[in-house]
Structure formats: structure tokens, C-alpha cells
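Sequence lines set the chain letters: A, B, ... in the order given, protein chains first and strands last, and positions in each chain run from 1.
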Protein chains: 2
Amino acid sequence: MKPFVLIAEDESAVSELLLYNLQKEDYEVAIAADGEEALMMIDERAPDLILLDWMLPKVSGIEVCRRIRSGGANPNMPIIMLTARGEESDRIRGLDTGADDYVTKPFSTTELMARVRAVLRRIRPGLKEDKISVGDIVIDRVAHRVMRDDGEIHLGPTEFRLLDYFMQHPGRVFSREQLLDTVWGSDVYVEARTVDVHVGRLRKALRQDGGEDPIRTVRSAGYALRGD
Amino acid sequence: MKPFVLIAEDESAVSELLLYNLQKEDYEVAIAADGEEALMMIDERAPDLILLDWMLPKVSGIEVCRRIRSGGANPNMPIIMLTARGEESDRIRGLDTGADDYVTKPFSTTELMARVRAVLRRIRPGLKEDKISVGDIVIDRVAHRVMRDDGEIHLGPTEFRLLDYFMQHPGRVFSREQLLDTVWGSDVYVEARTVDVHVGRLRKALRQDGGEDPIRTVRSAGYALRGD
DNA sequence: GCCGAGTGTCACAGAACTGTCGCGGATCAC
DNA sequence: GTGATCCGCGACAGTTCTGTGACACTCGGC
């Protein structure tokens, strides 16, 4: 179950940026452009986390925050406030609006993502597990090890990240471009065919002890890990 | 069994900082943002230690402290009070609220961590063992000695701390940066490659009597002690 | 001052990993 | 069938990362 994040922000430049980054980290995301819409969506869709702009049209962010806290479906709903630098920043900290965290604009997206993870981990522990297993494959991200049928499998860094990503979404098909974006990073440029080679290497490593090939090729679409 | 620490603190800046540092020292941590939540979690999850803010929304820290001491599951639950400087600090010491220790904000995190360790050691002796063994390696932190197959191994101070840290988390991979942060200290600046050299020296020392290399290199990630 | 132990940095060689290419086989549309 | 794509895989050159010996520097003991 993906965590569902609601962005309440009227500047589309900001909300689009957040949307892009959150989706990349595999959250389900929705955008509300004003306070009224935000309150409606909070009520209807019960987000796991709200990124709430301080200033919003119709109903301000502060008011939204207050209303959440003072009743409604879930008064403990995690809230991260977004505020422009200097925008009553001193008073904000003093006010007991009840946000879980504050971020001042302009913000670093990586920092914000880290805070999102931190807040969600606190609320929904076990969100990012140390160990995942799919079928007979077990990946231990803390020890950085991969096991299959109690035999250890050695993978290079890229193959490890690739398998890790597949195992977070078993069964799902990813295009080469998607894989390059997430596993390699959106900033590096490499040929799409490179993915094929690494998938090949990953398959070879996983087949070592005579196991079945756990990766499915979807012609003209991409690759997927065979779900269980 | 990891010790479980509850942070009862409404300022997220403070609680996040504590969260980060406590997790780094391998405690299990939870945060309560007000007194009510704190009491609930104390009841439900029986923490080994509470870091309790003096001023808390809904139910104050003092009141939480009083309620713990005057009955409930464990009246001897260790409590470290966090108070703002000058905030009735004189009276606090006079009051018999029954906290085990007091720390005034702003506090040094290293000092607070030391106090946390101290309180837990007093309450749960043997929590941080004097001796740890992983595989055939035994480290005695009190005597500052390392044994392997009944032969003593001499290590320099840095190598000793390095091995000590590895042995607290066998199997886990640490990046060079993490190791510098914890083993060297976050305030000193040294090259990341320096870790390699010390790991090399540690390996050499541990290989003295012909034993296997107990340290695993994880390319582009860091080092780990081979778990048992 | 001298000494030895301990430390941080560097340079270099070798190991491990990466991205690309090209070929041949598999699969698809018609 | 047949031409056009698409994919698996071995090969390879280039790059990155790691292990280690060497060396200079610090620091406390004497």
C-alpha cells in the first residue's frame, strides 16, 4: 500500500515540482490548489501526510491545520507546513498550530523528501523494511546482501539497486526509461539498452544456483519481477 | 533487545534532532508530541527511558512525571527532564518530581547521549555489555582488550573503536561517512579514504594468528563485519 | 631533545564494475 | 513466409573503487 500524500499549494510551479519528486519516490499524490479543495480532499481521501502551504486562497493553511487538529476524521494527521522565508517565521514557531514539521521556501527537495520519509516512518513504522522477500529471494538492504535458497548471491552495486527496486514493486512492469530514472538517477545519461545488459547480469547472478529466472521480459514495454 | 526510548517533546526541531541521534546510537525511538499522547504510549509500549519536556501541551511534563511515579505500570521508569534554561530551573531541582536527571535546553547532544547511556546502564545493567563476541572475536571494552582464538590482539585506539562499533552491529554495512561520523566524531574533518587505511590495519591485526578476514568490503557502499 | 606509537594523506597497481557495440536468434505485423 | 523490431549475450575498452606500502607529522613519556 503506497502512502498517499496531499499537496495543498496554489503555486503550480511548486506543486508540480513536489508532485514529480514524490511520485518518483513512489508515493501516491494529489494536489489541492486552495484551502477549500484541500479540506474536501482531506475529508474524502484521508491522506497519510499533507504538505500544506501557509498561505492558501479561500481558506488559509493555518486555518486548514487548525480544523484538522480540532476534530474531523483524524486529528493526528501528519502535516508539514510550507512557508515563505521570513513570512511570519518567528510567530509560526511560537504558534501552536500543531504542524509536525516546518519547511521554509525555497527548500531543497532532497531535504523535504527526507522529512517526508521521517514523518511517515514515525507514523507508519515498517514502511521501508530492512528486509524484503519475494518468492525465494531475500534482499537485506542493511547488510547489503542477497540470498536465494539460503545461498548468498553476489551483486554489483547497480544490479543490487536494480533488484532492490524490482522487489519493492513485484509484478509491476518498468520501462527502460523508468528504470534509468530511478535506479541510475535522472541526471545521468546512458543508453536505454544498457538496462538490458544489467538485467542480463542480474539474471545470470540469480540463476547461479540453478534457480528459475525471476525476471519477466515484456516485449516493447520493459521488465518486471515475477510477483508471488 | 534494543532499549526503547520515548521522546515527549512538542517542538519538532528538538524531537527530530533527538530522534536522529538516538537512532544513530541504535535505540528504538518513538515521539509523543503532547502529554496525553505521552501517557498513552507509556502505558501501551512501556519505554525503557523517557526524555520528557517540562512544558508540554495538554498535559504538562511535570504532571506526566507525577502520574508515572504515583502508580501505573512501572513507577520506577527512568525519566530525563528537558527544561528551557531559566525556566523555573531553580525550583525544578527543588521539586521532588522524581526525574532521574535534568538537562537544560539548549543542550549538547553528546552530553545528553552520555546521560541517556548512564541512566540506562544504571537501570538495566548489562545493557551495553562489557564484553561482546562475534564469531571467534571477543572484545572487552573495560579491559580494552581484544581476543581471537584465545590469543590477544593488540589494536591502536582508533582500530579499537572501529572494531567496537562494528561489533555492536554485526552484518550491517556502514559507509565511510557514517564511520567517520561515529568512530571519529562528527566534528573532525578527515578524508573518507582514511577509513580504508584503518580498516586495512584492523584487518591486518585480526589476521595475525592466521584467522579469516572478518570484515566484508561492499563496493561503493562501505564495510561490514561478517555477521554470525 | 629523542623515541616510539599512532595517525592522516598520498600514489600506484590491481581488481571490480560499467557502458557500448555487434551479432544472432526470437517475436511480431502483414 | 518475410521483413522489421526487439532482445539476450559475449566481448571489450574505459572508468571507478579498493588495498597497501611509504612517508611525514603529532604527541606523550622520559
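Residues B/Val5 and B/Glu28 have side chains not in contact (no heavy-atom distance under 4.5 Å, counting atoms from C-beta outward). The closest side-chain heavy-atom distance from A/Leu18 to A/Leu82 is below 4.5 Å. A 4.5 Å side-chain heavy-atom check between B/Thr217 and B/Val199 finds every atom pair outside the cut-off.
Between the CZ atom in B/Arg216 and the OH atom in B/Tyr223 there is a gap of 13.0 Å [rounded to 0.5 Å]. In this structure, A/Ile139 CD1 and A/Ile132 CD1 are separated by 6.5 Å, a value rounded to the nearest 0.5 Å. Interatomic distance, A/Met41 CE to A/Leu6 CG, rounded to the nearest 0.5 Å: 5.5 Å. Rounding to the nearest 0.5 Å places CG of A/Leu206 at 6.0 Å from CZ of A/Arg148.
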Pairs under 3.5 Å (N/O, protein and nucleotides 3-6 of chain C):
residue : atom : partner  : partner atom : Å
C/dG6   : OP1  : B/His154 : NE2          : 3.1

Give every pair of a protein N or O atom and an N or O atom of nucleotides 28-30 of chain C that lie under 3.5 Å apart, one pair per line with the distance.
none

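Applying the salt bridge (Lys or Arg N to Asp or Glu O under 4.0 Å) rule to pairs touching residues 162-179 of chain B yields B/Arg141-B/Asp164, B/Arg176-B/Asp196, sequence neighbours excluded.
For B/Tyr165 and B/Phe174, the distance between ring centers is under 6.0 angstrom.
At the heavy-atom level, A/Ser220 lies under 4.0 Å from the strands shown only through sugar-phosphate atoms.
If you take CD of B/Glu191 and C1' of C/dA11, they are 14 Å apart, rounded to a whole angstrom. Between A/Phe160 atom CZ and C/dT18 atom C1' there is a gap of 18 Å when expressed in whole angstrom units.
Listed here is the closest heavy atom pair of B/Asp10 and B/Leu56: N-CD2, 3.8 Å. Minimum interatomic distance between B/Leu155 and B/Ala205 (heavy atoms only, all atoms of both residues): CD2-CB, 3.5 Å.
For the helix from C/dG1-D/dC30 to C/dC30-D/dG1, the axis fitted to the five pairs at one end and the axis fitted to the five pairs at the other end meet at an angle of 40° (nearest 10 degrees).
The side-chain hydrogen bond (donor to acceptor under 3.5 Å, both in side chains) search around A/Asp213 returns A/Arg203, not counting sequence neighbours.
The local environment of CD in B/Glu152 is crowded, with over 12 non-hydrogen atoms from other residues, nucleotides or ligands closer than 6.0 Å.
Residue B/Arg161 is the one, among B/Arg161 and A/Val190, whose nearest nucleotide of DNA chain C lies closer to the 5' end (criterion: closest heavy atom).
Contact check, B/Trp184 against C/dG8: a side-chain N or O comes under 4.0 Å of OP1 or OP2.
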Base, backbone or nothing for each nucleotide of nucleotides 19-25 of chain D, written B, S, -, heavy atoms under 4.0 angstrom, 5' to 3'?
BB-B---

